[in-house]
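Take a look at the structure below.
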2 protein chains.
Amino acid sequence: MWQDQTRCAQGGMTALCAASEQIRTFARTAQQIRAGTVILQDGDEFDKVILVVDGWLSSSKSFEDGEAQIIDFILPGDILYATNGDGTTVGLTLEAITDARVSIVPVRTWQTMLKASPDLARAVGRIRAAAQARTSERLLRLGKGSAPMRIAFAILELSLRLRSLGHDMEETFHLPLTQKAIGDYTGLSSVHVCRTMRRLVRHNIIETSDHIDIRILDLAALSEIAGIDVERLEQEITPTAA
Amino acid sequence: MWQDQTRCAQGGMTALCAASEQIRTFARTAQQIRAGTVILQDGDEFDKVILVVDGWLSSSKSFEDGEAQIIDFILPGDILYATNGDGTTVGLTLEAITDARVSIVPVRTWQTMLKASPDLARAVGRIRAAAQARTSERLLRLGKGSAPMRIAFAILELSLRLRSLGHDMEETFHLPLTQKAIGDYTGLSSVHVCRTMRRLVRHNIIETSDHIDIRILDLAALSEIAGIDVERLEQEITPTAA
DNA sequence: TGGGATCATTAATCCAGGTTAATCCAGCCG
DNA sequence: CGGCTGGATTAACCTGGATTAATGATCCCA
């Protein structure tokens, strides 16, 4: 399902590719990563920029006891600045959830590219801003939201992000995630994720098939539960072409 | 207490000021803001960059019912990119917690400055990276951490940030925050903030005076509870001079 | 074709933290 | 000096979600 976004000109990389010839080069030379591969470990030395061409990645942090929190999902067209304030180490564990293709760009090169193309710089700014807005929304819900709100929000957030990659919101969409992963993303136990999603299904708000293919039946109800206005959220968390 | 960081050459602006003459100019022309002033409202049109010269700000989001979550505290030397992915609106409410001084820089100007000074660009990159690392740590704790962990972490995080502004960690430090605000930051009710802090006091881990002047008595125990290694956290969340 | 894996689902039980409300304390103002 | 206000503190009670555990459903592989 995700394999069809391999060319730069389509899918999530549109904005970036339009902006810079060099990005297209990087996209072509992206390296293939197997699902499940850990690309970076929290604490590693690493100071490069990661460009996702295709597939889903997750960035997460965890405690020694193994409890993990997914910080963000990184989708095609996203850019990850994983480096800490010290400029030399990373504070995230980065893992490929599906098979993926990523380009790893040295900061030096990256900076040169940004300087060379104001369009690219603007696009990148938007992408970072969108990521930050997403994080703020999620922080709000982790701090103050109920389980149904967190789940509803996660579904809407991901479906909007997929939409901006060219998927249709009316359609069923596939999340390459276990309920455990959704729990790690929303700060809930997998059991409670299940309960909560089942409840949404029983109320005919969403429909699931194959356990994790989701279709939104009642968008109004779902956004009510999530505590958002869909148009507004889309503006916030989707990078607009500059 | 915070009024002594008014000149650019000292306090939190050191890194930035060292990097660029123009920043010094901005710092000198910073505008004075009264404690309690709401500088930006979630949803406002705004696309500038905000530089904090002096004082504490908070960025927050809230639900219609008034439940608020503080996304971050913004301290002297910090830079706030508040704009959403659409490039025109903000997704945060920005408020001055104490009297403050901030410079508001148009993106255009800002970009020019960054281009002109690679040192400044690097410093800004570090500052943004530090902010992101902070957010990740907090996301982890909001999702998976207990109340004591969240409180201990907040205390340590803020004391480290103050340390990087020149305060001494051994000393008592003042947080210009009510327990309600700490709750909004940690995703807890003010009552539970109180309970939890009292417990830390009873165990001689911290000491409080005037309700919210804090002194860390047992750093080892506190970082144990917070689930961190102090040195490591400091590297992550403190922007290193480039 | 029959185990093993890995996940989803559901029910039973428990507890961390929310809620409510009463009390206290300090600063402030008339 | 007395009342008022905004916070901190504490206790009593309740609930949402964690935990545990049992049961299914798929898929994989020998």
Side-chain angles (χ1 to χ4, degrees), chain A residues 35-36 62-63 65-70 95 97-98 140-155 174-203 206-214 225 227, chain B residues 35-36 62-63 65-70 97-98 140-155 174-203 206-214 225-227:
Chain A
S62 51
F63 296 128
D65 69 11
E67 280 295 341
Q69 172 71 38
I70 293 180
E95 185 175 343
I97 296 185
T98 65
L140 168 61
R141 279 164 187 81
L142 284 191
K144 295 284 153 71
S146 64
M149 174 179 277
R150 297 187 203 183
I151 297 285
F153 182 83
I155 293 174
H174 176 77
L175 302 182
L177 305 170
T178 64
Q179 294 189 343
K180 176 73 169 56
I182 298 179
D184 288 346
Y185 188 55
T186 53
L188 299 169
S189 70
S190 62
V191 175
H192 205 61
V193 169
C194 179
R195 262 202 289 267
T196 309
M197 286 191 44
R198 226 89 291 289
R199 214 162 294 165
L200 290 177
V201 170
R202 262 198 299 280
H203 289 24
I206 61 172
E207 189 180 71
T208 60
S209 41
D210 279 342
H211 290 309
I212 204 74
D213 285 352
I214 295 178
I225 296 172
Chain B
S62 49
F63 297 127
D65 69 9
E67 280 293 344
Q69 172 71 39
I70 293 180
I97 297 186
T98 65
L140 168 62
R141 277 164 188 81
L142 284 192
K144 297 282 154 74
S146 65
M149 176 178 276
R150 296 186 203 183
I151 297 285
F153 183 83
I155 293 174
H174 176 77
L175 302 181
L177 304 172
T178 64
Q179 294 190 342
K180 174 75 169 55
I182 299 180
D184 287 346
Y185 187 55
T186 53
L188 299 168
S189 70
S190 61
V191 175
H192 205 61
V193 169
C194 180
R195 265 200 287 261
T196 309
M197 285 191 45
R198 228 89 290 289
R199 214 160 296 164
L200 290 178
V201 170
R202 261 197 299 280
H203 289 23
I206 61 171
E207 190 180 69
T208 62
S209 42
D210 279 341
H211 290 309
I212 201 76
D213 285 352
I214 295 177
I225 296 173

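Each chain gets a letter, A, B and so on, in the order the sequences are listed, and its residues count up from 1. Every value quoted in this text rests on a predicted model; they were computed, and no experiment measured them.
H192(B) has its NE2 atom 6 Å from the P atom of dG18(C), to the nearest Å. Look at CZ on R195(A): it is 14 Å from P on dT13(C), rounded to the nearest Å. With rounding to whole Å, R198(B) atom CZ is found 4 Å from dT9(D) atom P. Atom pair R199(B):CZ and dT9(D):P shows a separation of 13 Å (rounding to whole Å applied). The CD1-P distance, from I214(A) to dA8(C), rounds to 11 Å in whole Å. Computed from coordinates, the L177(B) CG to dG6(D) P distance equals 19 Å when rounded to whole Å. For the pair K180(B) NZ and dT5(D) C1', the computed distance is 17 Å after rounding to whole Å. The CG-P distance, from D184(B) to dG18(C), rounds to 11 Å in whole Å.
Contacts of G183(A) with the nucleic acid, taken as non-hydrogen atoms under 4.0 Å apart, are absent. Here S189(A) lies in heavy-atom contact (under 4.0 Å) with a base. Here I212(A) lies out of heavy-atom contact (under 4.0 Å) with every strand.
Between the CD1 atom in I70(B) and the CG atom in L140(A) there is a gap of 12.0 Å [rounded to 0.5 Å]. Note: C194(B) SG to Q179(B) CD = 4.5 Å, rounded to the nearest 0.5 Å.
Judged by distance alone, with hydrogens and angles left aside, the side-chain atoms of R141(A) form no donor-acceptor pair with the main-chain N or O of I151(A) at under 3.5 Å. Using a distance-only test at 3.5 Å, with no hydrogens or angles considered, no donor-acceptor pair links the side chain of K144(A) to the main chain of S62(B).
Where V191(A) and D210(A) meet DNA chain D, the nucleotide closest to each residue was compared, and V191(A) sits on the side nearer the 5' end. Each of C194(B) and L188(A) was assigned the nucleotide of DNA chain D with the nearest heavy atom; the assignment lying further toward the 5' end belongs to C194(B).
Side-chain contact check for R150(A) and T196(A): no donor-acceptor pair (N or O, by modelled atom type) lies under 3.5 Å. Side-chain contact of R198(B) with T208(B): a donor-acceptor pair under 3.5 Å is present, judged by distance alone.
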Full working for side-chain contact (heavy atoms from CB on, under 4.5 Å) between M149(A) and F63(B): CA-CA 11 Å; M149(A) 174 179 277; F63(B) 297 127; 3.3 Å; yes
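Considering only side-chain atoms of Q179(B), the nucleotide from dA8(C), dA21(D), dA8(D) that sits closest is dA8(D).
Near-neighbour residues of DNA chain D inside residues 142-150 of chain B, defined by a heavy atom below 4.0 Å, are absent.
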